[in-house]
Amino acid sequence: MTTKQHKLIIISAPSGAGKTTIVKHLLQVFPQFGFSVSATSRKIREGEKNGREYYFVSTDEFEFMITNGKLLEWQEVYPGSYYGTQVSEVERIAANGQMPVFDVDVVGGLNIKRMYGKNALAIFIKPPSYETLETRLRSRATDTEESLQKRLLKAKWELTFEKEFDVVVVNDRLDEAFDQAVKLVHDFIG
Ligand code: ADP
Ligand code: 5GP
């Protein structure tokens with residue numbers, strides 16, 4: 001993989017902790033990074049665009065990618081919903097002269113960290129409390145009650161992984177979380 005010698009950022013957290021919000025900020029501050037657009041078999045949400053948030057594919061297409069070695073990593077993050085990073089996506093970012101930023105679940109994040117070692121900075125975004133996570137997920141209003149319950153159930157387990165990450169950013173006040181994340185990335189890339 002061409003990017004093995006380049007640096008990259010991994011952002012992981014339970015759904016609703018603020019990953020997407022923080023990643024968007026980092027991408028504005030650091031033009032040298034490119035967002036790794038994952039493939040997913042979950043349904044597209046209102047406001048999302050194919051190729052921007054995700055490459056939206058069918059379950060069959062996703063399983064074809066698994067079988068044919070097209071994915072750097074993948075997880076069935078929620079029952080019936082696959083998410084994965086295509087090898088071609090990492091190559092696309094490198095070809096643009098950029099370093100990748102991955103927004104992936106905790107297991108995927110730790111798998112990528114194992115692949116890239118010191119060249120990867122794995123950041124865990126932590127909500128101030130489980131109750132705040134639920135409030136944020138509800139106010140985002142992008143999930144059905146069923147999908148929300150799946151996310152909340154999984155969040156309890158995901159929150160136990162924080163110690164395995166290089167650093168933890170508590171996303172309580174957004175401006176403070178932004179500043180902390182920017183400083184971490186700045187120090188990491190030198
Ligand atoms: P994730 O990508 O981790 O699922 P999002 O970035 O979509 O999380 O954030 C979930 C919701 O919480 C969004 O509606 C977002 O605007 C809001 N949010 C994110 N960070 C904060 C914060 N520090 N304070 C209040 N609301 C926040
Ligand atoms: P959402 O459905 O809210 O966009 O994302 C659900 C979860 O899937 C989030 O935790 C997100 O980080 C994770 N995710 C997104 N893309 C990938 C990926 O390529 N690989 C893995 N392992 N997880 C991903």
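Worth knowing before you read on, the calculation uses all heavy atoms, side chains too, and leaves out hydrogens, waters and symmetry mates. FYI, the numbering just counts along the sequence from 1. Both counts, for ligands and for their atoms, begin at 1 and track the order of listing.
- The part of Y54 lying near ligand 2 is the side chain, judged by heavy-atom distances below 4.0 Å.
- Looking at E89 and I93, their side chains come closer than 4.5 Å, going by heavy atoms from C-beta outward.
- Between Y82 and F62, the ring planes lie parallel to each other; the angle is under 30°, not in the 30° to 60° tilted range.
- Legend: residues meeting side-chain contact (heavy atoms from CB on, under 4.5 Å) with T144, ordered by chain and number and at least two apart, are E146, S147.
- Counting heavy atoms under 4.0 Å from ligand 2, residue R45 touches it through the side chain alone.
- No continuous path of ILVMFWY side-chain contacts below 4.5 Å connects I9 to I112, so the two sit in separate hydrophobic clusters.
- Counting protein heavy atoms only, atom 11 (C) of ligand 2 is closest to D103 OD1, 3.7 Å.
- Side-chain atoms of E176 and Q180 include no donor-acceptor pair closer than 3.5 Å.
- Evaluation of the salt bridge (Lys or Arg N to Asp or Glu O under 4.0 Å) test over residues 56-68, restricted to residues two or more places apart or in two chains, returns none.
- I189 places a side-chain heavy atom less than 4.5 Å from the side chain of M99.
- For ligand 2, one of its N or O atoms has an N or O atom of G84 under 3.5 Å away.
- At a heavy-atom cutoff of 4.0 Å, ligand 2 is contacted by the side chain of V77 but not by its backbone.
- Listed by first and then second residue, the ring-ring contact (aromatic ring centres under 6.0 Å, His included) pairs that reach into residues 144-164 are W157-F161, sequence neighbours excluded.
- Close approach of ligand 2 to G108 is summarised as follows: ligand atoms under 4.0 Å from at least one heavy atom of the residue are 22 (N).
- The nearest heavy-atom contact from the protein to atom 16 (N) of ligand 2 is S38 OG, 3.0 Å.
- Regarding atom 20 (N) of ligand 2, its nearest protein heavy-atom neighbour is E73 OE2, 2.7 Å.
- Contacts of ligand 1 (protein heavy-atom distance under 4.0 Å) are P14, S15, G16, A17, G18, K19, T20, T21, R136, R140, N171, D172, L174.
- In this structure, F102 has its ring center no closer than 6.0 Å to that of F35.
- For a threshold of 3.5 Å applied to N or O pairs, the pair formed by D105 and ligand 2 contains at least one separation below that value.
- For atom 10 (O) of ligand 2, the closest non-hydrogen atom of the protein is K19 NZ, 3.3 Å.
- Of all the listed residues (Y83, W74, Y55), Y83 holds the heavy atom that lies closest to atom 2 (O) of ligand 2.
- Inclusion of Q75 in the set of residues having an N or O under 3.5 Å from an N or O of ligand 2 is not warranted.
- To the nearest 0.5 Å, atom OG of residue S38 and atom OH of residue Y55 are 9.5 Å apart.
- Close approach to R42 involves these atoms of ligand 2, each under 4.0 Å from a residue heavy atom: 1 (P), 2 (O), 4 (O).
- The aromatic rings of Y78 and Y83 sit perpendicular, their planes meeting at an angle over 60°, well past the 30° parallel limit.
- For the residue pair T40 and R42, no side-chain donor N or O sits within less than 3.5 Å of a side-chain acceptor on the partner.
- Between Y78 and ligand 2, no N or O atom pair is found at a separation short of 3.5 Å.
- Contacts of R151 with ligand 2, taken as heavy-atom pairs under 4.0 Å, involve the side chain alone.
- Between the side chains of E73 and T85, at least one donor N or O sits under 3.5 Å from an acceptor N or O.
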